[in-house]
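Just so you know, these numbers use all the heavy atoms, side chains as well, and skip hydrogens, waters and symmetry mates.
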Amino acid sequence: MSISEFGQRKSTVRNPTKTLTLIVIITLMDTIGVLTMYPMSQYLEEQLRQRFNLLKFWDLSSKAEFLHRNSHSIRAVVGNAKYGADAALIDALPKLEIVASYSVGFDQIDLAKCRERGVRVTNTPDVLTDDVADLAIGLVLATLRRICECDRFVKRGAWNKGDYKLTTKFSGKSVGIVGLGRIGSAIAKRAEAFGCQVSYHSRSMKPQTNYKYYSNIIDLASNCEILIVACTLTDETHHIVSHKVIDALGPEGILINIGRGAHVDESELVSALLEGRLAGAGLDVFENEPEVPEELFSLENVVLVPHVGSDTLETCKAMADLVIGNLEAHFQNKPLLTPVI
């Protein structure tokens, strides 16, 4: 017998009641229906399957028939910032107790309906902050220094015919951040390391910061060279980057969006880029993902990435662990790890 096996045997003998309780909890958890709203990481799916009765919602031929058959067994929903739980779904699940967002965002979850029904909501903050902030700075550098276009320049053999044209530096630029929460603050610290002057706009002035505050986003855009969107999507922040904001940023300005696609009036952005009223853009998110305006594809001053702000192996595992931790805590009547409501 190995040492670990001996320890397990000894523990079981000394505390049989605790072992029996654990077995009962595991058995009960296995009967709990957890509805997943979209394809997710293999790790998270495996962890959910090991603990719960995992049900998938995205590949069904008839969602109505599925809900009719399974509605009374589903006690949890796992979604993200794009596929959450609207009022109709919540109403269709009479036994629903918790919605766990595999994202820091929860704008696709009907919080009012959840409060009305007493449904708990969790998300995955903090663990993805560094990755998203890193990508924001990466998009700034890629847009200003034309890194992607330089890569294509070399790969198509154009360097033999002459050097690539001059680009624009990042260090020392003025950076305006829309939303100075966890991610916005992490972006600000990184921008400071490049010697940038940082200012911000949010609903209210943040205490304990030396960054200049603008109560109006147009004023912020008028006084920065790079505008980075990092706020939460709400009714108030929908299309917060409007025609007026883009014009205030001006023909030398750069727009970076790592928030949500709907923060930016996409048609206005496309027009501004095509007409030269904006110097460039770096976009991780879009209004109608995965659809992206084709007019942007040929613009060398635009960098497009497929909503990968938090998509690293390390962060996706940490987010999955938070989802699992919140579900287990709820069904074991323990405090939630990261509650929204």
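- Between the side chain of Thr143 and the backbone N or O of Asn301 there is no donor-acceptor pair closer than 3.5 Å.
- Taking the ring axis of Phe57 as reference, the NZ or CZ atom of Lys63 stays within 45° of it and closer than 6.0 Å to the ring centre.
- Shortest non-hydrogen contact noted between Leu89 and Gly84 is CD2-O, 4.1 Å.
- Between Arg190 and Asp130, at least one side-chain N (NZ, or NE/NH1/NH2) sits under 4.0 Å from a carboxylate O, which counts as a salt bridge.
- By the 4.5 Å heavy-atom criterion applied to side chains, Ile258 and Leu139 are counted as neighbours.
- Considering OG of Ser174 and CD of Glu225, their distance stands at 3.5 Å, rounded to 0.5 Å.
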Start with the C-alpha gap between Tyr213 and Tyr200, add the side-chain angles, then the distance that decides, and say whether ring-ring contact (aromatic ring centres under 6.0 Å, His included) holds. CA-CA 5 Å; Tyr213 171 68; Tyr200 71 100; 5.2 Å; yes
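- Between Leu249 and Val245 there is no side-chain heavy-atom pair separated by less than 4.5 Å.
- A salt bridge links Arg51 to Glu328: one of the charged nitrogens lies within less than 4.0 Å of a carboxylate oxygen.
- Residues Thr232 and Thr237 approach most closely at O-OG1, 2.7 Å, considering heavy atoms.
- Looking only at side-chain heavy atoms (C-beta outward), Asp265 and Ile240 stay at 4.5 Å or farther from each other.
- The closest side-chain heavy-atom distance from Val99 to Val119 is below 4.5 Å.
- Atom-to-atom distance recorded for Arg120:CZ and Glu97:CD is 11.0 Å, nearest 0.5 angstrom.
- Checked options His239, His243, Lys244; the residue passing with Glu268 is His243 (criterion: side chain to side chain donor-acceptor pair (under 3.5 Å)).
- Criterion: ILVMFWY side-chain heavy atoms under 4.5 Å apart, direct or through other members. Under it, Ile74 and Val121 are part of a common hydrophobic cluster.
- A salt bridge does not link Glu287 to Lys82: none of the charged side-chain nitrogens sits closer than 4.0 Å to a carboxylate oxygen.
- Under a 4.5 Å side-chain heavy-atom cut-off, the cluster of Ile, Leu, Val, Met, Phe, Trp and Tyr residues that includes Tyr164 is completed by Phe153, Val154, Trp159.
- Phe297 is connected to Leu283 through a chain of hydrophobic side-chain contacts under 4.5 Å among Ile, Leu, Val, Met, Phe, Trp and Tyr, so both are in one cluster.
- Within the model, atoms CG of Leu255 and NE2 of His263 stand 11.5 Å from one another, a figure rounded to the nearest 0.5 Å.
- Put simply, the side chain of Lys165 reaches to within 4.5 Å of the side chain of Glu300, judged on heavy atoms.
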Check against salt bridge (Lys or Arg N to Asp or Glu O under 4.0 Å), Lys56 and Glu45: CA-CA 10 Å; Lys56 300 179 180 180; Glu45 188 170 315; 2.8 Å; yes
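- Residue Glu275 qualifies as enclosed at atom CD: its count of foreign heavy atoms under 6.0 Å is above 12.
- Between Arg49 and Glu46, no side-chain nitrogen of the basic residue sits less than 4.0 Å from a carboxylate oxygen of the acidic one, so the salt-bridge criterion is not met.
- Using a 4.5 Å heavy-atom cutoff, the side chains of Ile217 and Val178 are in contact.
- Thr167 and Arg145 share a side-chain donor-acceptor pair at under 3.5 Å.
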Between Val229 and Arg260, is a side chain to side chain contact (heavy atoms under 4.5 Å, CB included) present by the stated rule, with each step listed? CA-CA 8 Å; Val229 183; Arg260 293 287 178 262; over 6 Å; no
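- Between Val323 and Ala100, the shortest heavy-atom distance links the atoms CG1-CB, 4.1 Å.
- Closest non-hydrogen pair, Gln108 versus Asn80, comes out as CB-O, 4.2 Å.
- Side-chain N or O atoms of Thr315 include none that pairs as donor or acceptor with a backbone N or O of Asp311 at under 3.5 Å.
- Side chain of Ser199 to main chain of Tyr211: no donor-acceptor pair is present (N/O by atom type, distance under 3.5 Å, no hydrogens or angles).
- Note: Asn326 CG to Leu337 CG = 4.5 Å, rounded to the nearest 0.5 Å.
- The nearest pair of heavy atoms linking Ala85 to Ile90 is O-CD1, 3.7 Å.
- No single ILVMFWY cluster, assembled from side-chain heavy atoms under 4.5 Å apart, contains both Phe286 and Ile228.
- When all heavy atoms of Ile187 and Ala230 are compared, the pair lying nearest together is CD1-CB, 4.1 Å.
- Under the 3.5 Å distance criterion, with hydrogens and angles disregarded, a donor-acceptor pair is assigned to the side chains of Tyr43 and Asp321.
- Under a 4.0 Å N-O distance rule, the pair Lys189/Glu192 does not qualify as a salt bridge.
- No hydrogens or angles considered: nothing links the side chains of Asp131 and Ser310 as a donor-acceptor pair under 3.5 Å.
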Under the criterion side chain to side chain contact (heavy atoms under 4.5 Å, CB included), I'd like the reasoning laid out for Leu135 against Ile137: C-alpha separation, chi angles, the key distance, then a yes or no. CA-CA 5 Å; Leu135 182 68; Ile137 299 301; over 6 Å; no
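- Between the CG atom of Leu269 and the CG atom of Leu278 there is a distance of 6.5 Å, given to the nearest 0.5 Å.
- Two residues are said to be in side-chain contact when any heavy atoms from C-beta on lie closer than 4.5 Å; Phe170 and Ile226 meet this criterion.
- Proximity of a side-chain donor or acceptor of Thr36 to a complementary backbone N or O of Tyr38 within less than 3.5 Å is not detected.
- Using modelled atom types, one side-chain atom of Thr338 and one backbone atom of Asn123 make a donor-acceptor pair closer than 3.5 Å.
- Each of Thr209, Ile177, Leu180, Thr129 was checked for a side-chain contact (heavy atoms from CB on, under 4.5 Å) with Ser185, and the lone residue meeting it is Leu180.
- You'll find the side chain of Gln197 stays beyond 4.5 Å of the side chain of Val175, heavy atoms only.
- Note that OG of Ser101 and CD1 of Ile109 are 4.5 Å apart. Values are rounded to the nearest 0.5 Å.
- A donor-acceptor pair is defined here as one N or O able to donate and one able to accept, closer than 3.5 Å; such a pair exists between the side chain of Lys173 and the backbone of Lys169.
- No donor-acceptor pair under 3.5 Å is formed between the side chain of Asp219 and the backbone N or O of Tyr214.
- Under the 3.5 Å distance criterion, the side-chain polar atoms of Asn53 are left unmatched by any main-chain donor or acceptor of Ile32.
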